[in-house]
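Worksheet: one structure, shown below.
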Amino acid sequence: YLRNLGRDLKEEVPFQPWAKALYDERASGIHWKEEPDANCLPQGVPKVLLAPAPWRILQTPKIVFFVHEAFNLWWQAFTDGREFAPHEDVSPTWHGYSTGKWDGDMLKVHTTHIKQNWIRRNGVPQSDAAEMEEVFIRNGDMMNHLSTVRDPVYLTEPLTKNEIYMLNPRVEGQAAWTYPCVAVVE
């Protein structure tokens with residue numbers, strides 16, 4: 001899914017008309033130097049979850065951490081029952097503000113205040129008004145990840161994707177690898 005976020009969708013990505021034009025420009029490659037990865041900027045959510053590098057989920061009683069080998073990133077979802085309290089001094093961040101709760105064996109995560117970014121390397125835009133709902137369900141060595149992005153700035157309706165991840169026993173119990181970033185310079 002590095003190049004086409006909507007590959008498995010029956011319909012096209014539900015862009016606002018002007019956002020489709022921005023996407024087409026980015027997808028053509030003429031804006032490759034603006035892509036966050038090319039500038040060693042963090043991959044935000046949901047983009048970081050689709051990176052090919054391994055990632056892990058670490059659980060404590062009050063927080064679930066998502067640790068990504070790509071660019072040595074991590075983000076957290078508070079599972080202690082707190083709600084996000086909006087405040088004028090709170091700025092969007094690369095991974096937003098996530099709260100989660102367990103519903104049986106499903107982890108449900110809601111993320112707001114995500115910094116404007118690219119949803120995928122192919123140029124799908126994401127505004128700082130976007131919100132994301134995710135559901136993680138592990139079944140043995142497989143994990144189902146259902147994500148829905150709601151972005152009233154760029155999308156006319158929610159964009160939902162389903163990914164299946166396989167546990168990689170090769171890295172189980174090993175330290176995470178590091179992937180240093182070198183910015184693209186011409």
Remaining members of the apolar cluster that contains Ile30, side-chain heavy atoms under 4.5 Å: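 Hydrophobic cluster check, Ile30: no partners found.
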From [atom1] ([X]) to [atom2] ([Y]), nearest 0.5 Å:
X: Ser98; Y: Gln76; atom1: OG; atom2: CD; value: 8.0 Å
X: Ile114; Y: Met132; atom1: CD1; atom2: CE; value: 5.5 Å
X: Phe15; Y: Leu22; atom1: CZ; atom2: CG; value: 8.5 Å
X: Trp75; Y: His95; atom1: CH2; atom2: NE2; value: 8.0 Å
X: Ile63; Y: Thr99; atom1: CD1; atom2: OG1; value: 12.5 Å
X: Asn117; Y: Leu41; atom1: CG; atom2: CG; value: 8.0 Å

Hydrophobic cluster identity match, Met143 and Leu107, side-chain contacts under 4.5 Å: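 Yes; tracing contacts between hydrophobic side chains, which count when under 4.5 Å, links both residues.
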Of all residues at least two apart in sequence or in a different chain, which pass the side chain to side chain contact (heavy atoms under 4.5 Å, CB included) check with [X]?
X: Gln116; answer: Tyr154
X: Val153; answer: Trp18, Ser127, Ala129, Asp151
X: Leu58; answer: Phe65, Val67

Which residues pass the ring-ring contact (aromatic ring centres under 6.0 Å, His included) test with [X], not counting sequence neighbours?
X: His110; result: none
X: Trp55; result: His68, Tyr165
X: Phe136; result: Phe66, His145
X: Phe78; result: Tyr97

Considering non-hydrogen atoms only, spot the tightest contact between [X] and [Y] and give its length.
X: Pro158; Y: Pro14; result: O-CG, 4.1 Å
X: Pro61; Y: Thr79; result: O-OG1, 3.8 Å
X: Ala77; Y: Gly100; result: CB-N, 4.4 Å
X: Phe84; Y: Val90; result: CZ-CG1, 3.7 Å

Full working for side-chain contact (heavy atoms from CB on, under 4.5 Å) between Val13 and Leu155: CA-CA 8 Å; Val13 173; Leu155 303 175; 4.0 Å; yes
Identify, with sequence neighbours excluded, every residue that meets salt bridge (charged side-chain N to carboxylate O under 4.0 Å, His left out) alongside [X].
X: Asp128; answer: none
X: Lys115; answer: none
X: Asp103; answer: Lys108
X: Lys62; answer: none

Check: Glu133 main-chain N/O paired with Thr148 side-chain donor or acceptor under 3.5 Å: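 A pair under 3.5 Å: no.
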Pro152 backbone acceptor or donor facing Arg150 side chain under 3.5 Å: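 No, the answer is negative, given that no donor and acceptor are paired below the 3.5 Å cut-off.
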Derivation and outcome, side-chain contact (heavy atoms from CB on, under 4.5 Å), residues Asn144 and Asn162: CA-CA 7 Å; Asn144 188 34; Asn162 187 53; 2.6 Å; yes
Residues Thr111, Glu134; criterion side-chain contact (heavy atoms from CB on, under 4.5 Å); working and verdict: CA-CA 8 Å; Thr111 303; Glu134 299 172 277; 4.2 Å; yes
Derivation of the side-chain contact (heavy atoms from CB on, under 4.5 Å) call for Glu131 and His113: CA-CA 7 Å; Glu131 293 193 19; His113 292 77; over 6 Å; no
Beyond-backbone contact of Val64 with Ile57, side-chain heavy atoms, under 4.5 angstrom: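 They are in contact (side-chain heavy atoms under 4.5 Å apart), so the answer is yes.
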